[in-house]
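We're numbering straight along the sequence, starting at 1. Every heavy atom of this structure was used, including side-chain atoms; hydrogens, water molecules and symmetry mates were not.
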Amino acid sequence: MSIPTLRLTAADQAVCERLVNALPAKLAGQSRRKTQPAAALAGAWGDPAIVAQCGVGTPAGLTRTSRCMVADGVGWFVPPQQAADNSVDVVLSTVGYRPVLQLTVPAKYRGGSLAAAEVELAPIVKQYLTLVHRCV
């Protein structure tokens with residue numbers, strides 16, 4: 001699966017490399033897929049793929065008053081229009097952490113698998129990324 005490569009600072013690059021190396025073989029019951037190029041710093045699981053990419057920018061639609069979904073202590077920003085429509089793919093971002101981890105979940109996995117992915121990634125987010133502010 002091809003994933004776009006992002007330009008990161010040397011520090012963010014190092015953090016994201018460690019995080020990607022720690023991503024699980026299974027996520028939300030789906031097996032990990034091969035991604036390319038390696039420089040994309042991402043993991044993918046299932047078909048259609050759930051994709052986690054480290055080092056993304058601040059998501060569109062994020063404001064100072066935006067709310068987050070909190071799973072196992074990690075706040076994930078979800079654009080309100082995606083949160084309200086279970087028939088669309090959803091893009092979650094750990095906006096309170098640096099660098100930002102983005103999780104793209106196809107509509108097929110909304111519900112239990114979406115929540116499982118958030119909870120399963122939470123320990124990795126807390127271990128490798130730096131909390132700069134709580135997203136609640």
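Cluster membership check: Y128 shares its hydrophobic cluster with L131, using side-chain heavy-atom separations under 4.5 Å among Ile, Leu, Val, Met, Phe, Trp and Tyr. Residues V51 and V95 do not share a hydrophobic cluster, clusters being chains of Ile/Leu/Val/Met/Phe/Trp/Tyr side chains in contact below 4.5 Å. A continuous path of Ile, Leu, Val, Met, Phe, Trp and Tyr side chains, each step under 4.5 Å between heavy atoms, connects I124 with V15, placing both in one hydrophobic cluster. At a threshold of 4.5 Å between side-chain heavy atoms, the hydrophobic network of Ile, Leu, Val, Met, Phe, Trp and Tyr places F77 and L114 in two separate groups. Under the 4.5 Å side-chain heavy-atom criterion for Ile, Leu, Val, Met, Phe, Trp and Tyr, V70 and L129 are members of distinct hydrophobic clusters.
Looking at every heavy atom in both residues, Q30 comes nearest to I50 through CG-CD1, 4.3 Å. Contact between G46 and R33 at its shortest, heavy atoms only, is O-CD, 2.7 Å. The two atoms that bring A42 and T35 nearest to each other are O-OG1, 3.5 Å, heavy atoms only. Residues V78 and M69 come closest through the heavy atom pair CG2-SD, 3.5 Å. Heavy atoms only, all atoms of each residue included: L62 and T58 are closest at CD2-CG2, 3.4 Å. When all heavy atoms of K26 and S31 are compared, the pair lying nearest together is NZ-OG, 3.3 Å.
D47 places no side-chain N or O within donor-acceptor distance of the main-chain N or O of A49, the cut-off being under 3.5 Å. Checking side-chain atoms of Q102 against main-chain N and O of L92 turns up no donor-acceptor pair under 3.5 Å. Within the 3.5 Å criterion, the main-chain N or O of A107 finds a donor-acceptor partner in the side chain of D89. With K126 contributing its side chain and D72 its backbone, the two residues share a donor-acceptor pair below 3.5 Å. Using a distance-only test at 3.5 Å, with no hydrogens or angles considered, no donor-acceptor pair links the side chain of D12 to the main chain of L8. Remark: side-chain polar atoms of Y109 are paired, donor with acceptor, to backbone N or O of P48 under 3.5 angstrom. Judged purely by atom type and a 3.5 angstrom limit, K34 has no side-chain atom pairing as donor or acceptor with the backbone of A44.
Atom CG of L121 sits about 6.5 Å away from atom CG of L23, to the nearest 0.5 Å. The CE atom of M1 sits 5.5 Å away from atom CD1 of I3, with the distance rounded to the nearest 0.5 Å. Note: L41 CG to Q13 CD = 5.0 Å, rounded to the nearest 0.5 Å. The line from CG of L19 to CD of Q53 is 11.5 Å long, rounded to the nearest 0.5 Å. Rounding to the nearest 0.5 angstrom, the gap separating the SG atom in C135 from the NE2 atom in H133 is 7.0 Å.
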Subject >> Trace of the side-chain contact (heavy atoms from CB on, under 4.5 Å) decision for L103 with V91 >> reply: CA-CA 6 Å; L103 181 64; V91 180; over 6 Å; no

Original post:
Under the side-chain contact (heavy atoms from CB on, under 4.5 Å) criterion, do Y97 and V74 qualify, and how do the steps go?
Top reply: CA-CA 9 Å; Y97 289 84; V74 173; 3.9 Å; yes

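Every side chain to side chain contact (heavy atoms under 4.5 Å, CB included) that V100 has, sequence neighbours left out, goes to V56, S93, T94, R98.
Applying the side chain to side chain donor-acceptor pair (under 3.5 Å) definition to pairs two or more places apart or across chains, those involving residues 110-125 are N86-R110.
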